[in-house]
Colleague: 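What follows is a single structure, and I will ask about it in a moment.
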Amino acid sequence: MYRYLSYLFLLLVCFSCSKSKPKYVIGVSQCSEDIWRNKLNDELRMGAYSYDGTELLFVSANDNDQKQIEQIDQFVNNDIDLLIVSPNQVATISPAIDRAYDKGIPVIVFDRKTNSKKFTAFIGADNAGMGREMGEYVASRLGGKGRVVEIRGLKGSSPAIERHKGFEEAISKYPGIQIVASLQGDWTEKSGKEAMEQLLREDHPGKIDFVFGQNDRMAVGAYKAMKEANLQGTLFCGIDALPSKGGGIECVRDGILDASYIYPTHGDEVMHLAMNILEGKPYQKDNPLKAALVTKANAHVLLMQNEEIVRQDGYLSELKQKADSYLVELSSQRLLTFLSIGFIGLLLLSAVIIYLYQRQRTHINKEREQMARAQLNFYTQVSHELRTPLTLIEGPLAQLATTPEVQQASETTSELFAIVRRNTDHLSALVNKILDAEKEERKEERGERKEERDMMKEERLRVGEQSSGMRGERKEELSKSSLLIVDDNPDIRTYLRTILENRYEVTEAADGKSGLEVASASVPDLIISDVMMPVMNGLEFCQQVKQHVATSHIPVILLTARALSHHQVEGYESGADAYLTKPFSPEVLLARVENLLKSREKLKELFNTPEQHAGREEQPQKEEHPVESSVNSRDRQFVERLRQIIQEKMTDSNLSVEDVGAEIGLSRVQLYRKVKALTGSTPVDLIRKARLAKARELLQTTGKSVSEVAYDVGFSAPSYFTKCFKEEYGMLPGDLQ
């Protein structure tokens with residue numbers, strides 16, 4: 001049974017540790033890493049939030065054809081469900097894309113095109129259309145006349161080819177515009193700057209009216225080259241119009257670029273297209289993305305819109321993280337529920353099996369006992385039935401043995417008679433043996449019953465002794481002082497408990513915060529706390545203990561490994577009563593605890609003297625008691641406040657402990673334990689003693705009757721007042737008049 005329980009537990013644990021397999025795995029192969037592609041990747045992730053069970057795997061080739069081919073092949077070998085690829089160049093990546101498509105993996109080509117026809121869908125902007133749009137814009141800004149330089153992107157990439165083609169088509173319509181040079185770049189700012197510097201250095205092209213970079217970064221590089229050459233009056237434009245810091249839209253807003261063209265990412269649409277393909281929903285093979293021209297007139301508005309989008313994206317990401325966290329927590333709770341139900345079920349099954357086993361065993365034992373008794377009864381009855389005929393045989397044989405006929409019989413007759421006698425005796429012995437077995441069985445049963453009674457008696461005595469011992473222990477525990485150990489190390493707490501538990505009642509807490517809660521609730525006689533703890537350290541804990549009214553009187557011993565003198569100063573400044581450095585001697589710890597508790601006992605004697613309960617305003621001035629000087633100001637204020645409240649309200653016969661606690665700000669339990677710890681008396685005792693002390697004073701100094709004095713100090717019945725007065729002072733109130 002326990003083996004099956006272990007198997008089930010291991011099965012549940014393995015189930016809990018297993019991670020659910022994603023429904024779809026999508027590989028994303030980027031040709032390079034830049035701000036535009038990072039934005040696209042973020043949008044893909046955001047789009048995946050809407051599709052549970054979808055996992056995205058991102059790789060970047062960093063403009064390396066061979067690396068991108070290897071990454072795509074790796075995706076194919078890992079059996080991804082769909083490939084999203086942005087080819088580095090038109091021709092070189094095509095064989096790898098073909099291999100993925102031939103294996104049955106859907107392929108989405110985005111941003112850049114390939115000369116392969118083996119793809120499932122294309123999604124991206126119209127790069128040729130962008131080139132035409134920017135050509136028309138340049139011609140418009142120049143009024144149809146001027147000198148223009150074009151900086152092209154990575155050679156062999158489809159955007160570079162198509163943007164150049166569209167730009168050239170647009171400019172060719174304006175004979176007054178001359179393309180001075182078509183420089184080669186690689187999409188980076190550095191390449192744009194170097195290309196322009198080389199043109200200025202070698203070709204001396206004269207005045208340049210407009211520079212068209214096929215992306216914003218190359219256009220900004222050309223701008224910096226012209227600025228360093230102190231050439232002014234040239235306009236710059238590009239494509240991408242990213243809204244990020246230092247992106248194209250900011251450059252347009254700041255006047256670095258005259259215009260840009262939004263090259264859309266729309267990762268959410270890419271993700272939507274991918275899921276339509278995977279889920280067998282309708283989709284278009286060619287999916288153009290819309291774009292727009294950015295000028296200084298709309299750059300500011302576009303940036304504001306992007307800031308709002310970024311804020312909303314951040315909010316969505318935060319919600320997604322919280323949702324994931326809640327789902328993980330829900331899964332853990334569900335697993336714990338299943339484990340608990342399974343474990344409870346196994347316990348119930350075990351209990352049922354044990355019950356049935358014990359019941360069956362008892363039943364079998366009863367049957368065996370019944371069978372044994374039946375068998376014994378049978379033999380007993382048989383033996384008893386045999387005794388009568390045996391008697392009738394043995395008696396006559398004995399008589400015949402004495403007759404002359406038998407005595408004088410022949411040898412043969414005598415032998416036959418002897419045989420009969422021997423076998424009769426043998427049969428009689430057998431019957432007697434059966435009877436003796438019955439007697440022995442009954443004797444054993446009586447002995448067992450007696451032994452059981454003796455055992456039950458001993459057990460009752462033992463239980464009584466244990467109960468007496470437990471009562472004695474409870475009595476002893478009631479007399480023990482209570483200690484609270486606060487330490488985050490369970491081994492230290494265990495060690496301290498072994499040192500202290502034989503002498504004191506010990507409770508524990510794992511940090512200062514929980515220790516403060518325990519101290520406020522139980523109000524122990526002494527606290528031992530570590531200094532270095534999480535949540536709330538020992539110094540802060542000690543300060544809190546000394547500041548709270550309910551716990552300010554409790555002595556605190558700080559334990560720490562910090563042995564420098566200023567560390568000890570910190571401990572004492574926090575209100576600690578003692579400071580022990582680790583490693584410490586158990587004897588020293590016990591001695592320190594004992595001394596602090598003895599000091600508290602002296603305080604009890606001090607606060608419990610008769611003059612403490614009378615009106616303090618009438619007590620003569622005297623030097624401060626040496627023990628009282630050790631009381632912290634909060635405890636002294638507490639005692640003074642307690643005396644004041646009792647003096648002010650003692651005439652109220654309905655005055656209760658709750659009333660006093662409400663005045664001081666403590667619950668009934670907290671007030672009781674604090675007053676008991678400081679004075680050794682209960683609040684009720686203090687109120688009664690204060691009333692009696694005041695009554696004695698009034699009886700000696702006024703002419704009021706006993707009844708009047710009783711009512712004046714808050715007793716509702718003069719008879720009860722007389723009884724209490726006699727118990728307290730050993731005389732009747734009237735003896736003082």
Side-chain angles (χ1 to χ4, degrees), residues 480-487 492-493 496-497 499-500 503-509 511-512 515-533 536-607 624-640 670 673-680:
K480 285 182 178 179
S481 296
S482 58
L483 270 61
L484 170 61
I485 299 173
V486 184
D487 201 301
I492 291 292
R493 296 201 303 271
L496 290 172
R497 177 178 282 277
I499 296 173
L500 300 166
R503 299 189 183 186
Y504 307 103
E505 182 181 349
V506 179
T507 55
E508 299 179 12
D511 57 68
L516 192 60
E517 294 173 355
V518 173
S520 298
S522 63
V523 192
D525 294 309
L526 185 139
I527 297 174
I528 300 174
S529 173
D530 189 19
V531 172
M532 302 298 293
M533 292 185 296
M536 180 188 291
N537 63 44
L539 298 178
E540 185 179 355
F541 166 70
C542 185
Q543 290 173 353
Q544 293 287 337
V545 168
K546 296 300 182 179
Q547 289 174 1
H548 289 184
V549 177
T551 57
S552 60
H553 66 285
I554 303 174
V556 178
I557 299 177
L558 290 180
L559 303 178
T560 184
R562 305 192 305 174
L564 298 178
S565 58
H566 72 274
H567 292 149
Q568 297 186 20
V569 170
E570 288 179 355
Y572 287 119
E573 287 179 348
S574 68
D577 297 87
Y579 196 102
L580 291 182
T581 304
K582 299 177 183 177
F584 54 84
S585 165
E587 291 78 10
V588 172
L589 175 62
L590 287 169
R592 192 63 58 88
V593 170
E594 189 67 25
N595 286 339
L596 286 174
L597 292 176
K598 286 181 179 178
S599 297
R600 288 295 159 176
E601 289 299 322
K602 293 179 180 178
L603 284 176
K604 290 180 183 179
E605 296 174 3
L606 173 68
F607 289 134
E624 188 176 39
H625 194 285
V627 177
E628 188 175 9
S629 64
S630 65
V631 182
N632 64 55
S633 59
R634 288 186 174 273
D635 288 342
R636 186 177 293 132
Q637 291 173 4
F638 171 82
V639 173
E640 293 297 334
Q670 290 174 330
R673 291 178 177 172
K674 186 175 183 72
V675 172
K676 187 75 172 176
L678 284 175
T679 68

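Excluded from the calculations below are hydrogen atoms, water molecules and symmetry mates; all remaining heavy atoms, backbone and side chain alike, are included.
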Colleague: Quick check: closest heavy atoms across Gly538 and Ser529, and the distance to 0.1 Å?
Modeller: CA-OG, 4.0 Å

Colleague: Taking side chain as C-beta onward, heavy atoms only, is Arg503 less than 4.5 Å from Val593?
Modeller: no

Colleague: Any sub-3.5 Å donor-acceptor pair from Gln670's side-chain atoms to Val523's backbone N or O?
Modeller: no

Colleague: To the nearest 0.5 angstrom, please state how far the CD atom of Gln547 sits from the CD atom of Glu540.
Modeller: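 Gln547 CD to Glu540 CD: 9.5 Å, rounded to 0.5 Å.
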
Colleague: Nearest 0.5 Å, what's the CD1-CD distance between Ile492 and Glu508?
Modeller: 11.5 Å

Colleague: Below 4.5 Å, heavy atoms only, C-beta onward: do Leu496 and Val506 meet side chain to side chain?
Modeller: no

Colleague: Using a 3.5 Å distance criterion without hydrogens, assess whether the side chain of Asn537 forms a donor-acceptor pair with backbone atoms of Met532.
Modeller: no

Colleague: Flag the pair Val545 / Leu516 as yes when at least one side-chain heavy-atom distance between them is below 4.5 Å, and no otherwise.
Modeller: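 Yes, their side chains come closer than 4.5 Å.
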
Colleague: At their closest point, which heavy atom of Ala578 faces which heavy atom of Leu596, and how far apart are they?
Modeller: CB-CD1, 4.2 Å

Colleague: Between atom CG of Leu484 and atom OG1 of Thr507, what is the distance when rounded to the nearest 0.5 Å?
Modeller: 4.5 Å

Colleague: Which atom names give the shortest non-hydrogen contact between Tyr504 and Lys480, and what distance separates them?
Modeller: C-CD, 3.9 Å

Colleague: Between Pro524 and Leu483, which heavy-atom pair has the shortest distance, and what is it?
Modeller: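 Heavy atoms of Pro524 and Leu483 come nearest at CB-C, 4.4 Å.
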
Colleague: Under 3.5 Å, is there a donor-acceptor pair between the side chain of Lys546 and the main chain of Thr551?
Modeller: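 No, because the side chain of Lys546 does not come within donor-acceptor range (under 3.5 Å) of the backbone of Thr551.
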
Colleague: How close do Arg493 and Ala509 get, counting heavy atoms only, and between which atoms?
Modeller: CD-O, 3.6 Å

Colleague: Just wondering, do Leu558 and Leu539 contact through their side chains at under 4.5 Å, heavy atoms?
Modeller: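 Side-chain contact under 4.5 Å: yes.
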
Colleague: I need the Leu500 CG to Ser481 OG distance, nearest 0.5 Å.
Modeller: 11.5 Å

Colleague: Could you report the tightest heavy-atom contact between Met533 and Asp511, atom names first, then the distance?
Modeller: SD-CA, 4.1 Å

Colleague: When rounded to the nearest 0.5 angstrom, what is the spacing between CD1 in Ile557 and CZ in Arg592?
Modeller: 7.0 Å

Colleague: Find out whether Leu589 and Ile528 are in side-chain contact, i.e. whether some heavy atom of one side chain is under 4.5 Å from a heavy atom of the other.
Modeller: yes

Colleague: So Asp530 and Ile485, do their side chains get closer than 4.5 Å, heavy atoms only?
Modeller: no

Colleague: Answer yes or no: is there a donor N or O on one side and an acceptor on the other, between the side chain of Ser482 and the main chain of Asp525, under 3.5 Å?
Modeller: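 Yes.
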
